[in-house]
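These notes concern the structure reproduced below.
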Amino acid sequence: MPDQLTVIVLAAGGGTRMKSKTMKVLHPVAGRSMVGHVLAAVQQVQPRRIVAVVGHQRDQVGPHIQELVPDALLAVQEEQYGTGHAVRVAMDAVAEAGETAEGTVLVAYGDTPLLQAESLQRFAEEHEAAQRAVSILSGVVAEPFGYGRVVRNREGEVEGIVEEKDATEEQRAIREINSGILAFDAAFLVDALPRLSNDNAKGEYYLTDTVHLARAAGLHVGAHEIDDVLQTEGVNDRAQLARLGAAMNERIVDRWMREGVTVMDPATTWVDADVVLAQDVTLLPGVQLLGATVVAEDAVIGPDTTLKDCEIGVGARVTRTHGELAVIGVGATVGPFAYLRPGTTLGADGKIGTFVETKNAQLGDGAKVPHLSYVGDAEVGEGANIGAGTIFANYDGVAKHRTVVGRHARTGANNTFVAPVQIGDGAGTAGGSVVRRDVPPGALAVSGGPQRNLEGWALSKRAGTPQADAAQAALDAVEESD
Ligand code: UD1
Ligand code: CA
C-alpha cells in the first residue's frame with residue numbers, strides 16, 4: 001500500500017489568530033514544531049511521496065520542513081485561495097516533478113500536533129478497502145462551530161460537507177464534523193480539482209466540494225469516524241496551543257509510566273516528545289525534561305528540576321537543578337540548587353552540590369564540588385575535592401582561560417583559582433588561598449601572609465561602640481579571675 005500513497009500536508013495559511021511573528025506551524029509543542037509532529041506521523045506511514053504546501057512566511061517554513069524531511073516536495077501557494085486550491089498546487093508540483101499520481105492521496109494539515117500514524121494508516125486502509133473516490137476522517141464533537149459538517153441522507157450515506165458559513169440552521173446542528181483529513185483516489189482528485197468553484201460564502205476553492213463531485217459522478221464516498229478527536233484538532237490561537245500542549249504532555253507522561261517510569265505528579269511533570277527515559281526512573285513533582293534529554297535506569301530527578309539536552313547516568317540523583325547540555329555520570333549527585341551550563345560533565349559517583357554553577361567543566365569520577373562554587377572552563381581530576389566557596393576565575397576581562405585540578409587534589413575553602421593555572425595531582429591549597437601560580441603535584445599552596453593579631457584594636461579604634469564594650473567586658477572578666 002505505501003508505494004501507492006502520497007501525503008499532502010497543508011501549511012500555507014497565515015495563522016493570524018496566533019498574533020505571532022513566528023509562523024503558526026512552527027510553534028513548538030513538547031519541544032517539536034507542530035508541523036514536525038505531523039511530519040513525524042506521516043513519515044511513519046511510509047508514503048511514496050510527502051508534499052508540503054507552503055505560502056505565508058515560506059522562508060521560515062520551507063527550510064524547516066526540508067530539514068526534517070529532506071525528500072519532501074515543497075509546493076508554493078503564493079496566495080491562499082482555499083484548501084482546494086492548495087491541494088491543486090500540490091498535485092501540480094507532483095506532476096512537475098514528473099510523477100504520475102496514482103493510488104491514494106491523503107490530505108492533512110500542519111497544525112494538528114496530536115495526530116498519530118496509526119490513525120492515518122487505518123484511515124487510508126479503510127478508504128482503499130471501500131474503493132471510495134473520497135473518504136472523510138470525521139469526528140463527533142460537542143462544539144461543532146467553525147467546522148465543515150458531514151451531511152448524510154436518510155440512509156446515513158454521506159452526501160457532502162457543508163462549511164459553517166454556507167450551512168443552513170439545520171445543518172449547523174450536525175455534530176459530525178470534517179476533521180480536515182481526507183483521502184482520495186488520485187485519478188479522481190486530479191480530475192476533480194480543476195472543476196471546483198469558489199462560488200460560496202468565503203469565496204474560496206473548498207477541497208470539501210470534491211465530495212459532491214464524486215457523488216454526482218456516482219462514485220463511492222464515505223466517512224470514517226475517529227474516536228480520539230483531539231488527534232485532528234488544529235491550533236488556531238495561543239489558548240488552543242496551551243490546551244493541546246497539555247494534552248500531548250499527558251499522553252507522553254502516560255506512555256512513560258506504562259514503560260515503567262514512576263511519575264509522582266503527572267500534572268506538574270513535563271516531558272518533551274524526544275526525551276528518552278529508562279525503566280525505574282523516578283520523576284518527582286515539578287520536573288521538566290526537554291529536548292533530547294536521556295535519563296538512565298534508577299535515576300531520580302526532581303523535585304523542581306529542568307533539564308534540556310542532558311544525559312543522566314544510571315542511579316544518578318538530580319535535585320532542584322537547572323541544566324542544559326550536561327552529562328551526569330552513573331551514581332553521581334547534583335544539587336539541590338545547582339546550575340549546570342553547557343559543556344558540564346560529571347564522572348561516576350561525582351558530586352556537584354548546593355549552589356554550585358558549572359560551565360564547560362569536566363569533572364572526573366568521584367570528583368566533588370560540594371558547596372557554593374563557580375567552576376568554569378575547568379578540568380577537575382578523578383577523586384579531587386574542591387573546598388566550599390571556590391571560584392574558578394576563568395575570565396580576565398578579555399579572554400577565557402582554563403584551570404586544571406589534578407587527581408585526588410584537595411583544595412581549601414574559599415579559594416580563588418586565577419586561570420590559566422594548574423593544581424597538580426595530589427596537591428592541596430590552604431583555606432582562603434588565591435592561586436595564581438601552578439601548584440606542583442603533592443605540594444600545599446598557601447597564599448596571603450601569616451595571621452597577625454593587633455591587640456586592643458577594638459578598644460582604640462571602636463571606642464564607645466557595643467563591639468568595644470563587649471571586648472572590655474571580656475578583658476575585665478579575665479583580669480578578675482587572675
Ligand atoms: C477546513 C475545512 C473544514 C474542516 C476544517 C477542519 C475546507 C473548505 N474546510 O476549514 O471542512 O472542518 O478545516 O479544521 O477545506 N490552507 C492552505 N492554503 C489555503 C487554505 C488553507 O494551505 O489556501 C491550510 C491552512 O493553513 C490550514 C488548513 O489548510 O492548515 C485549513 O485551512 P482553514 O482555512 O483553516 O480551513 P477551515 O476554514 O478551518
Ligand atoms: Ca482551521
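Here, residue 1 is the first one in the sequence, and each next residue gets the next number. Indexing begins at 1, ligand by ligand and atom by atom, following the structure's order. Source: prediction; values computed, not measured.
The distance criterion of under 3.5 Å between nitrogen or oxygen atoms is met by Asn178 with respect to ligand 1. In terms of polar-atom proximity, defined here as any N/O pair under 3.5 Å, Lys202 does make such a contact with ligand 1. Distances between N or O atoms of Gly13 and those of ligand 1 include at least one value under 3.5 Å. Inclusion of Ala12 in the set of residues having an N or O under 3.5 Å from an N or O of ligand 1 is warranted. Annotation: Val53 places no N or O atom under 3.5 Å from an N or O atom of ligand 1; distance criterion only. The distance criterion of under 3.5 Å between nitrogen or oxygen atoms is met by Gly82 with respect to ligand 1.
Within the 4.0 Å heavy-atom criterion, the part of Glu163 lying near ligand 1 is the side chain and not the backbone. With a heavy-atom cut-off of 4.0 Å, Glu204 does not touch ligand 1 at all. Here Ala86 has side-chain heavy atoms under 4.0 Å from ligand 1, and that is the only part of it that gets that close.
The shell of residues lying under 4.0 angstrom from ligand 1, judged by heavy atoms, excludes Ile177. Ligand 1 is approached by Gln77 to a heavy-atom distance shorter than 4.0 Å. Ligand 1 has no atom lying under 4.0 Å from any heavy atom of Arg149.
Around NZ of Lys308, the count of heavy atoms belonging to other residues, nucleotides or ligands within 6.0 Å does not exceed 12.
Numbered from 1 in the order shown, with element, the atoms of ligand 1 that lie under 4.0 Å from a heavy atom of Gln80 read 18 (N), 19 (C), 23 (O). Within ligand 1, the atoms closer than 4.0 Å to a non-hydrogen atom of Leu10 are 22 (O), 24 (C), 29 (O), 30 (O), numbered from 1 in the order shown. Each of the atoms 7 (C), 8 (C), 15 (O), 20 (C), 21 (C), 29 (O), 31 (C), 32 (O) of ligand 1 lies under 4.0 Å from some heavy atom of Thr83. Within ligand 1, counting atoms from 1 as listed, the ones closer than 4.0 Å to a heavy atom of Tyr206 are 8 (C).
At distances below 3.5 Å, at least one donor-acceptor pair connects side-chain atoms of Gln240 with backbone N or O atoms of Asn236. With hydrogens and angles disregarded, a donor-acceptor distance shorter than 3.5 Å links the side chain of Gln231 to the backbone of Gln116. Not one N or O on the side chain of Lys359 forms a donor-acceptor pair closer than 3.5 Å with the backbone of Thr344. Checked by atom type and distance alone, the side chain of Thr112 never pairs as donor or acceptor with a backbone atom of Thr232 at under 3.5 Å. Judged by distance alone, with hydrogens and angles left aside, the side-chain atoms of His27 form a donor-acceptor pair with the main-chain N or O of Thr22 at under 3.5 Å. No donor-acceptor distance shorter than 3.5 angstrom exists from the side chain of Thr6 to the backbone of Arg49, with no hydrogens or angles considered. Remark: the backbone N or O of Val25 is not paired with any side-chain donor or acceptor of Asp111 at under 3.5 angstrom.
Nearest to atom 6 (C) of ligand 1 by heavy-atom distance, out of Gly14, Ser179, Gly234, is Ser179. Counting only non-hydrogen atoms, the option in Tyr147, Tyr109, Tyr205, Tyr81 that gets closest to atom 1 (C) of ligand 1 is Tyr109.
Using the six-membered ring where Trp is involved, Phe188 and Phe184 have ring planes that are parallel, under 30° apart on the 30 and 60° scheme. Ring-plane geometry between Tyr339 and His322 is classed as perpendicular, the angle between the planes exceeding 60 degrees on a 0 to 90 degree scale with a lower cut at 30.
Inspection of the Gln362 and Thr345 side chains reveals no N or O donor paired with an N or O acceptor under 3.5 Å.
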